[in-house]
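In what follows, a structure is listed as structure tokens, so that the remarks can point back to it.
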Amino acid sequence: MGPGTDDCSSIIGVIYLLNLEHAPGEASLGLALMPYARNKGFGPDAVLRVLGMAFDVFEFHRISASVLDGSSREHALRMFVGLGFGCEGTRRRAVQCPSDAAWRDAHHLGMLDTEWVTGALRCVQEKPVRTRWDEMFERHQREREVLVDAAERARILKRTASTDTLR
């Protein structure tokens, strides 16, 4: 599809990055693919390209994404978690679907700029597909290691009286 044409037969979906006015430094990422374009690698490729722009060009601090309940929910959650997003919670019955007026859960995910820089995304193709549980256990392990390291440093740097430093 070239500029100025009305042919929409090559459109496979839409991806957006929305600057959140109420949260400076944060943007929301959204992706919707046509059914015939799903499960062909377009989603992860598009998300990685937009994340690169979001963090490296626009210098956002945090990118969030939400996945609504529906037929492609589990696939979308696996994709985002596999790309390095962390699960941040579920808002139950948070969005009303316009087509059938049913209330749907919204699953929230996020990625920080530090996670992007440290290379969580750089080796996506080499890693097996991660689940939300894998991501949660890995995050808890990282947080535990940071706490253990901080506790060890606190033992090494003991407080002393000010007169001890003069000796």
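No side-chain heavy atom of Leu33 sits less than 4.5 Å from a side-chain heavy atom of Lys40. In this structure, Leu109 and Glu88 have side chains that are not in contact, with every pair of non-hydrogen atoms separated by 4.5 Å or more.
At a threshold of 4.5 Å between side-chain heavy atoms, the hydrophobic network of Ile, Leu, Val, Met, Phe, Trp and Tyr places Val57 and Leu18 in two separate groups. With hydrophobic clusters built from ILVMFWY side chains whose heavy atoms lie under 4.5 angstrom apart, Val14 does not share a cluster with Phe42. Note on Trp103: it does not cluster hydrophobically with Val95, by side-chain heavy-atom contacts below 4.5 Å among ILVMFWY residues.
From Ile11, atom CD1 reaches atom CE of Met34 across 8.5 Å, with rounding to the nearest 0.5 Å. Ser64 contributes atom OG, which lies 5.5 Å from atom CG of Leu20 (distance to the nearest 0.5 angstrom). Note that the CG atom of Leu17 and the CZ atom of Phe58 stand 7.0 Å from one another [nearest 0.5 Å]. For the atom pair CZ of Phe55 and CG of Leu112, the computed distance is 7.0 Å after rounding to the nearest 0.5 Å. Summarising the geometry, atom CD1 belonging to Ile12 is positioned 11.5 Å from atom CZ belonging to Arg38; distances are rounded to the nearest 0.5 Å.
Between Gly84 and Glu115, the shortest heavy-atom contact is O-OE1, 4.5 Å. When every heavy atom of Leu31 is checked against every heavy atom of Gly43, the shortest pair comes out as CD2-CA, 3.8 Å. Gly52 approaches Trp116 most closely through the heavy-atom pair CA-CZ2, 3.5 Å. In terms of heavy atoms, Leu29 sits closest to Phe80 at CD2-CE2, 3.8 Å.
More than 12 heavy atoms of other residues, nucleotides or ligands sit less than 6.0 Å from atom CZ of Arg73. Within 6.0 Å of CD on Glu21 lie no more than 12 heavy atoms contributed by other residues, nucleotides or ligands.
Tested against Asp69, the residues Arg104, His107, Arg93 include a single side-chain hydrogen bond (donor to acceptor under 3.5 Å, both in side chains) partner, His107.
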Quick one, Ile63 with Glu26, criterion side-chain contact (heavy atoms from CB on, under 4.5 Å). Give me CA distance, side-chain angles, the key distance, then yes/no. CA-CA 6 Å; Ile63 304 298; Glu26 182 175 348; over 6 Å; no
Intermediate values then yes/no, side-chain contact (heavy atoms from CB on, under 4.5 Å), Tyr16 and Val50: CA-CA 8 Å; Tyr16 67 84; Val50 170; over 6 Å; no
Give the intermediate values and the outcome of side-chain contact (heavy atoms from CB on, under 4.5 Å) for residues Leu77 and Phe85. CA-CA 9 Å; Leu77 288 171; Phe85 279 78; over 6 Å; no
Report the C-alpha distance between Arg142 and Val146 in whole Å, list the side-chain angles of each, state the deciding distance to 0.1 Å, and finish with yes or no for side-chain contact (heavy atoms from CB on, under 4.5 Å). CA-CA 6 Å; Arg142 286 191 308 269; Val146 167; 5.7 Å; no
